[in-house]
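Here the structure is a predicted model, which is why all the values come from computation and not from measurement. Order of listing sets the numbers, starting from 1, for every ligand and every atom in it.
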Amino acid sequence: MNELLITNARLINEGETRDADVLIVGERISKIDSSITPADDVEVIDAGGCLLMPGMIDDQVHFREPGLTNKGDLATESAAAVAGGITSFMDMPNVNPQTTTRQALAEKYAMAEHRCTANYGFYLGATNRNIEEIKALEIGEACGIKAFMGASTGDMLVDDPVALERIFEHAPIMLVTHCEHSPTIWDNEAKARAEYGESVPLSEHPAIRSAAACLKSSSMAVELARRFDALLHVLHLTTGVEMALFSKAHRSEKRITAEVCVHHLWFDESRYEDLGTRIKCNPAIKSASDREALVKALNEGRIDVIATDHAPHTSSEKRQSYFKAPAGLPLVQHALQVLFDLAARGEISRELIVDRACHAPADLFGVRERGYVREGWYADVVIVDPEKPYRVEKSNLLCKCHWSPFEGHEFSSTIDTTIVNGEVVYRDGELTKNIPGQRLEFARAR
Ligand code: DOR
């Protein structure tokens, strides 16, 4: 079996940071100690004092396969993900055909085999009519059930009140929701059209996809979850007003949890002027005070998970006018660097990054033996150099769509090495072309 020894690392794990060496044997972590002497035939990676952490588990991505592979696919986007220190991902069902049956789910898993650089899990999509598929789901068959309680890319709106009640009542595993009240948004769109015609300025996006639309929908999701005692995870929150819906209790004590995405922690509405449709996403990036409220809620424990909502679209699609340009941005390659910049600015701690981007998704979805650096667990780890700046250029972008909202930005940290299932997949700015991604195992029932 392959043996790999990481020496001289500053290990961030389980709320603390300490000096550690980590020995990997095969696909597992075999030993963690302050000093491990290498055997003769062991490959050694000297971390040189850099940070070592579990790989990020991204609980919300859109890798576009099947059917939308001109934008991205499981192979290209999972490779970009490991370059960003993401070692596991959970992919959304708004593909073509939509992943709304157990058969489509099985086909998607078959499609992923031997093609993903990172570990993978897939959601079953809820519709107004597929309650029988949802009820039949077995634990572990999907990472969760996704309900678009607001319309977004892919025409998957679930808006029949009776269907929603049945989904909340019967979902056998975690229910995750996109919360934006569509009728409110349609009304705002009509008003914007009346005022600007087709030339709506991007700066109107947060007024159209408004805080009120978010609050109305997320309040409804929380109310339904309480009524039916569902396990609910509300995705990509964007506003301060919604934060009171979520408790500060530790995730182990909650049945309703919350997620924030890196772009909502990083950008605010002042950036529509220079980035335009590049940062058009649903829910919209909102005001500076909303961004601050998200950071505060994250620090308080109201927000449990940090994810990306990686949603690539081609640059020609994004170059269109407000209504035509699709919502979503590619993020997996730079998510951890965003978070380490926020830590460098003192907004969050490094331990919090590891807790919310690695440990929490593993706990909430019951991901088996990943998300922590522990002896006997899978060796999914990342070495981050917090002192080495990294400039985002077209030439170092790996996503298929080949653009990034961060082009030209210099991050304060660099992803040095990523290891998935004990295999080095990314090192010194290069993919090694190993494809060790495995199907994630999920153990949590409602
Ligand atoms: O901005 C977004 N893009 N939000 C979503 O909910 C969907 C995603 C996509 O698939 O493009």
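If you check which protein heavy atom lies closest to atom 7 (C) of ligand 1, you get S152 OG, 3.4 Å. Ranking protein heavy atoms by distance to atom 4 (N) of ligand 1, first place goes to N282 O, 2.8 Å. Ranking protein heavy atoms by distance to atom 9 (C) of ligand 1, first place goes to T153 OG1, 3.1 Å.
Proximity of K280 to ligand 1, defined as any heavy-atom pair under 4.0 Å, is not found for any part of the residue. When non-hydrogen atoms are compared, ligand 1 lies under 4.0 Å from neither the backbone nor the side chain of L329. Looking at A327 against ligand 1, both its backbone and its side chain come within 4.0 Å, counting heavy atoms. Contacts between K71 and ligand 1 below 4.0 angstrom, taking non-hydrogen atoms only, are absent altogether.
Under the 4.0 Å criterion applied to side-chain N and carboxylate O atoms, K400 and E65 are not assigned as salt-bridge partners.
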L397 vs E407, side chain to side chain contact (heavy atoms under 4.5 Å, CB included): CA-CA, chis, key distance, verdict = CA-CA 9 Å; L397 294 177; E407 272 168 68; 3.8 Å; yes
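Near H313, meaning under 4.0 Å from any of its heavy atoms, are these atoms of ligand 1: 11 (O). Applying the 4.0 Å criterion to heavy atoms of C281 picks out, from ligand 1, the atoms 1 (O). Residue contact check: A311 has heavy atoms under 4.0 Å from atoms 3 (N), 8 (C), 9 (C), 11 (O) of ligand 1. Every atom of ligand 1 is numbered from 1 in the order shown, and the set under 4.0 Å from a heavy atom of D309 is 4 (N).
Side chains of D187 and T184: a donor-acceptor N/O pair is absent below 3.5 angstrom, by distance only. Between H263 and D309, the side chains place no donor N or O within less than 3.5 Å of an acceptor N or O (distance only, hydrogens not considered). In this model, no donor atom of one side chain and acceptor atom of the other lie less than 3.5 Å apart for H310 and R64. No hydrogens or angles considered: a donor-acceptor pair under 3.5 Å links the side chains of S218 and E242.
Checked by distance only, ligand 1 and H178 come closer than 3.5 Å through their nitrogen or oxygen atoms.
Here E223 contributes atom CD and L232 contributes atom CG; the two are 11.5 Å apart, rounded to the nearest 0.5 Å.
Sorted by first and then second residue, the pairs that involve residues 140-162 and meet salt bridge (charged side-chain N to carboxylate O under 4.0 Å, His left out), not counting sequence neighbours, are R102-E141.
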